[in-house]
**Q** 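What follows is a structure written as structure tokens; I'll ask about it next.
Residue numbers start from 1 in every chain, and the chains themselves are labelled A, B, ... in the order their sequence lines are given, proteins ahead of strands.
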Amino acid sequence: MVLAESFYNRKDVVKIARELLGKLLVTEFGARTSGIIVETEAYAGTTDKASHAYKGRRTGRTEVMYSQGGTAYVYLCYGIHHLFNVVTNIKDIPHAVLIRAIEPVDGIETMLERRHKTKLLPSLTAGPGALSQALGITTSHTGISLLTGNIKIEKGITVKKEQIVEATRVGVAYAMDDALRPYRFYIKGNRFVSKGKGL
DNA sequence: CAGCAGATTGACT
DNA sequence: GTCAATCTGCTGC
């Protein structure tokens, strides 16, 4: 079952980030590839120094963050890595949730080929750049709808509250006090959770 | 318009 | 543990 617009359009991006854990992120570019979301981070738009849309910034790259909830926001980091985000809230409120790690489910062979690997190791999909490559997501997919496009999020599994760990975000030390906000969530003990540097 | 830093990864000392 | 790869966008000349 694909998540409805009403899931994405809510105001509380942090709550949505927490609820995305256990959901199934699916892409269908040829073969179906998918994985359970095990790690997310919330980016709270204009009031969050770590967000690209801090203070209402608009550029060609961030424009899609101002779309309505349920839109894919993919951007290039360090000129190499495609990072996949889910836009939330209503139009003109630039909230987004970064998907940092998934646990592979469908199309593992296809993902191994895309990542030029032969064995299923955590490094296949642990990390935002890694999972995007495994699922075949690139910046050309930014702005497409998660409700009707070939990238979508399905119901997945139920994650108990006790399994969810709250933490600070990774790689955003430059955001000063906002770097300390507990906006990162991951499933306790899952081996596909990225290592990061902020642990 | 040059210089710099970044929501990262992977190869190498 | 260190460092390069390589694009977008901000800052300052």
**Q** Run the salt-bridge test on A:K23 and A:E154 with the 4.0 Å N-O cut-off and return the result as yes or no.
**A** no
**Q** Just so I know, are the side chains of A:T71 and A:T142 near enough to count as touching, which here means a heavy-atom distance under 4.5 Å?
**A** no
**Q** Can you measure A:H82 atom NE2 to C:dC7 atom P for me and round it to whole angstrom units?
**A** 10 Å
**Q** Among C:dC7, B:dT8, C:dG9, which nucleotide sits nearest the side chain of A:L76?
**A** C:dC7
**Q** Taking B:dG10 as the reference, what is the distance to C:dT8 when you measure between their C1' atoms (whole Å, please)?
**A** 22 Å
**Q** Spell out, as yes or no, whether a donor-acceptor pair under 3.5 Å connects the side chain of A:Y66 to the backbone of A:G56.
**A** yes
**Q** How many whole angstroms separate atom OH of A:Y78 from atom C1' of B:dC4?
**A** 12 Å
**Q** Is any side-chain heavy atom of A:Y43 closer than 4.5 Å to a side-chain heavy atom of A:H52?
**A** no
**Q** What's the NE2-P distance between A:H81 and C:dA4, to the nearest Å?
**A** 15 Å
**Q** Go through the steps to decide whether A:S194 and A:E39 satisfy the test side chain to side chain donor-acceptor pair (under 3.5 Å), and finish with yes or no.
**A** CA-CA 8 Å; A:S194 73; A:E39 184 179 359; 3.0 Å; yes
**Q** Do A:V14 and A:V165 share a hydrophobic cluster, counting only Ile, Leu, Val, Met, Phe, Trp and Tyr and linking them when any side-chain heavy atoms are less than 4.5 Å apart?
**A** yes
**Q** Which nucleotide, B:dT8, C:dG9, C:dA5, lies nearest any side-chain atom of A:I80?
**A** C:dA5
**Q** Need one value for A:A175: base, sugar-phosphate or nothing, where a base atom within 4.0 Å counts as base even if backbone is also close, heavy atoms only.
**A** nothing
**Q** Side chain of A:L83 only, please: which of B:dT9, C:dG9, B:dT8 is the nearest?
**A** B:dT8
**Q** The side chain of A:R57 is closest to which nucleotide in this list: C:dG9, B:dT9, B:dT8?
**A** C:dG9
**Q** Rounded to the Å, how far apart are A:R169 CZ and B:dT8 C1'?
**A** 17 Å
**Q** Can you check the A:M176 CE to B:dA5 P distance for me, whole Å?
**A** 16 Å
**Q** Dot-bracket, DNA chain B: Watson-Crick or G-U, under 3.5 angstrom, [ ] crossing, | other strand?
**A** ||||||.|||||.
**Q** Would you say the side chains of A:R115 and A:Q133 form a donor-acceptor pair under 3.5 Å?
**A** yes
**Q** Which whole-number value in Å describes the distance from A:L131 CG to B:dT9 P?
**A** 9 Å
**Q** Looking only at the aromatic ring of each residue, does the gap between the centers of A:H141 and A:F29 stay below 6.0 angstrom?
**A** yes
**Q** Give the rounded distance in Å between these two atoms: OH of A:Y75 and C1' of B:dA5.
**A** 11 Å
**Q** Does a side-chain heavy-atom distance below 4.5 Å link A:T27 with A:I137?
**A** yes
**Q** Whole Å only: how far is the CG atom of A:D48 from the P atom of B:dG6?
**A** 16 Å
**Q** Going by heavy atoms closer than 4.0 Å, what residues in residues 96-124 of chain A are next to DNA chain B?
**A** A:L98, A:R100, A:R115
